[in-house]
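Structure, as structure tokens:
Every chain is numbered from 1 and lettered A, B, ... according to where its sequence line falls, protein lines coming before strand lines.
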Amino acid sequence: MTDIPEEPADQAPCDHCGIFTIPGPLAIQSAWRDITFDPVRDRIWTVSEGIYRTIFVEGDRGVIAFDTFSTPGGARAYQGAMQRVFPRKPVHTIVYSHDHLDHTGYAADLAPDAGILAHELCDKVIRARKSDGQMPATEVFTGERQEYNIDGVRFELLYPGPTHGDGNLAAYFPESKLLFMVDTVIPGVGYTFFPDWHLASYTALMRRFLSLDWDVFVPGHFWIADRKGFEDSLAYFDEMGELAQQAIADGLDADDFDAVTRYTYEKLEPRFGRLFRFDEYFAMNMVRYMQHFLTGGWGIEGNLPPTTTPF
Amino acid sequence: MKQHMGIFTSDKLRDYLAFEPGMRAEQLSDRIWTVSDGLCRTIFLEGDNSVVAFDTFGTPGRARAYRAAIEQAVPGKPIKMVVYSHDHLDHAGFAADLAPEAEIVADEMTAKIIDLRDADGQLPVTRPLSGRENPVNIDGAEFLLINPGPTHGTGHLSAYFATEKILFSSDTILPNARYGFMPDYHLANFVRFMRELADLDFQTFVPGRHQVSDRDQFIMGCDYIEALSVACQEAFVEMVPIWVHDAMAEYCKAKLGSRFGGLDGFDQHIGQTAIRIVHHYLMGGWGLEDTPEPAILLA
């Protein structure tokens with residue numbers, strides 16, 4: 001299904017600018033995004049504009065929205081999609097997956113009166129950032145695991161430790177056997193240079209989710225996966241760690257992107273070339289992993305010893 | 001011989017870690033010397049009876065080569081102090097091979113990361129510093145260590161030598177455009193903090209990579225990152241596919257080529273650097289280091 005706005009021309013231009021500093025108007029921020037929406041399982045729906053993906057859940061009286069999409073226009077289109085599916089059910093709760101603006105930057109455009117749930121580490125950054133359009137949480141949880149029963153919807157929020165961004169949590173729906181987590185497992189190779197990924201502990205922390213009973217994984221980008229897709233993605237990260245060390249041992253200079261690109265095509269294309277977005281990102285993935293080993297990991301998040309206890 | 005491994009887990013790295021390049025120190029003033037392994041660069045300071053070494057280089061072999069270069073330049077003076085510019089292993093990872101008995105000075109945030117990391121060969125900090133400025137007077141030499149706020153890595157310190165009018169700042173401003181993906185740079189306040197250092201009276205700028213530079217190149221470096229930040233925002237607004245290397249490279253070359261195209265490495269690196277910077281604006285910065293008032297880190 002594709003959501004086509006009935007009156008896009010009447011959309012009030014939104015001036016929430018995130019952290020952009022150049023003078024407006026920023027047309028791309030306000031532009032309407034076509035959104036597709038599909039039922040996944042039970043009361044859970046998923047929405048995507050082709051690249052970004054999230055979920056919303058029908059409650060007894062209203063809707064729980066996860067994340068906000070990446071621009072004010074995207075947030076309004078997301079709101080429009082939910083209202084098309086549940087026209088008499090307002091969004092009363094937003095759950096933030098993590099702090100990044102491209103996923104949670106525009107609650108002010110999605111549902112400014114909704115309650116907002118987030119992990120405390122996520123909320124701390126959001127409050128310090130003061131980004132235009134990103135609203136702070138109204139309720140935070142600390143620690144690793146919190147059960148919620150909101151408007152007839154039962155789910156758990158799980159924080160495995162630093163994986164990507166700050167306070168990045170997964171939503172687990174045990175009755176539906178569905179796990180939702182953003183900007184971690186994504187189909188294909190990793191995104192660009194793994195921006196704000198905490199590689200030291202990433203795969204160990206993500207494997208904690210394998211102890212839970214789920215068979216549908218909804219990522220924050222592209223298409224829905226299953227357990228095998230989830231495990232394959234983590235195996236890719238582990239393998240990239242080995243390949244990056246081999247590349248350094250082979251004398252490859254991480255600062256020479258042309259050389260890294262040639263190296264990846266000559267040595268690794270036969271094995272990995274069919275992976276989604278190999279051409280776009282494989283060399284960037286390699287550079288990022290090489291930098292990880294050369295520099296030692298970045299900040300506290302990039303150096304914490306991982307907890308490996310199953311959930 | 002056992003090699004310190006940093007955080008490498010593969011035995012394949014042993015030759016890489018052991019390799020000792022030829023290094024020769026170059027004198028910048030009566031007491032200050034600089035040395036490079038061909039990519040990374042640092043300084044050391046000759047005291048009356050000892051040496052203060054800044055950083056260690058990025059492998060055990062390079063740390064040993066650095067020690068040999070120091071011994072050749074100032075024979076008979078032991079390294080009594082090592083100052084870590086920041087926490088990264090490629091600059092400060094191998095004090096165990098450079099001077100295992102030396103006092104290790106660094107910012108308190110650097111000390112915290114190093115304790116957590118527990119990398120093989122990176123010695124913990126024995127004298128952690130707090131606050132923005134710390135004057136050091138040791139063995140007849142004086143300098144100022146400055147942490148203006150998060151710029152690169154964690155607890156990054158620049159060193160200012162007022163008498164010699166020299167500024168040393170590792171992996172912040174470069175004397176060229178070879179920033180790559182700007183690993184672990186904190187862009188929210190980077191240029192603002194670096195311009196604060198430009199208020200100091202220095203003529204010689206020693207970066208953590210590439211050649212020794214000067215004040216004008218330092219200012220040009222600040223201007224470049226600032227202009228690229230504007231161009232990246234404009235690319236986003238103009239719907240350039242910000243995740244595509246070649247598209248970002250071409251867009252930013254067209255925008256900035258006339259002003260900065262003469263910088264060494266401009267054509268090869270601007271695509272990577274632009275992708276890194278545009279994601280700052282897309283995502284909002286990374287962690288508390290990248291928020292408008294990062295002093296919250298110390299709260």
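When each of B:Asp184, B:Asp246, B:Leu116 is checked for heavy-atom pairs under 4.5 Å with chain A, B:Asp184 comes out on top. Heavy-atom pairs under 4.5 Å with chain A peak, among B:Gly58, B:Gly265, B:Ala92, B:Gly287, at B:Gly287. Ranked by non-hydrogen atom pairs under 4.5 Å with chain A, the options B:Tyr281, B:Tyr179, B:Phe19, B:Tyr16 are led by B:Tyr281. When each of B:His91, B:Gln122, B:His280 is scored by its heavy-atom pairs under 4.5 Å with chain A, the top score falls to B:His280. Counting heavy-atom pairs closer than 4.5 Å to chain B, the top residue among A:Ser131, A:Ala254, A:Ala283, A:Gly299 is A:Gly299.
Here the CG-CZ distance, from B:Leu13 to A:Phe293, works out to 8.5 Å after rounding to the nearest 0.5 Å. Interatomic distance, CZ of A:Phe257 versus NE2 of B:His269, reported as 10.5 Å (0.5 Å rounding). Note that CZ of A:Phe194 is 11.5 Å distant from CZ of B:Phe181, once rounded to the nearest 0.5 Å. To the nearest 0.5 Å, the span separating CH2 on B:Trp286 from NE2 on A:His100 amounts to 7.5 Å.
Side-chain polar atoms of B:Thr9 and A:Gln245 form a donor-acceptor pair below 3.5 angstrom. Residues A:Tyr281 and B:His245 bring no donor and acceptor atom of their side chains to less than 3.5 Å of each other. A side-chain N or O of A:Thr21 and one of B:Gln233 form a donor-acceptor pair less than 3.5 Å apart.
Residue contact with chain A, scored on non-hydrogen atoms closer than 4.5 Å, involves the side chain of B:Leu39 exclusively. Contacts between A:Pro195 and chain B at a heavy-atom distance below 4.5 Å involve backbone atoms as well as side-chain atoms. Neither the backbone nor the side chain of A:His198 has a heavy atom closer than 4.5 Å to any heavy atom of chain B. For A:Ser70, no part lies near chain B; criterion is any non-hydrogen pair under 4.5 Å. Proximity to chain B is absent for every atom of A:His103, based on heavy atoms less than 4.5 angstrom apart. Using a 4.5 Å cut-off between heavy atoms, B:Glu234 touches chain A through backbone and side chain atoms alike. Only the side chain of A:Glu242 comes within less than 4.5 Å of a heavy atom in chain B; its backbone stays farther off. For a residue to count as touching a neighbouring chain, one of its non-hydrogen atoms must lie under 4.5 Å from one of that chain's; by this rule B:Arg178 does not touch chain A. Only the side chain of A:Phe193 comes within less than 4.5 Å of a heavy atom of chain B; its backbone N, CA, C and O stay farther away.
For the pair A:Asp255 and B:Arg209, the salt-bridge criterion is met [side-chain N within less than 4.0 Å of a carboxylate O].
Residues B:Thr291 and A:Val125 share a closest heavy-atom pair of CG2-O, 3.9 Å.
The 12-atom threshold is not exceeded at NZ of A:Lys267, counting heavy atoms of other residues, nucleotides or ligands nearer than 6.0 Å. In the displayed structure, B:Asp15 atom CG is contacted under 6.0 Å by at most 12 heavy atoms of other residues, nucleotides or ligands.
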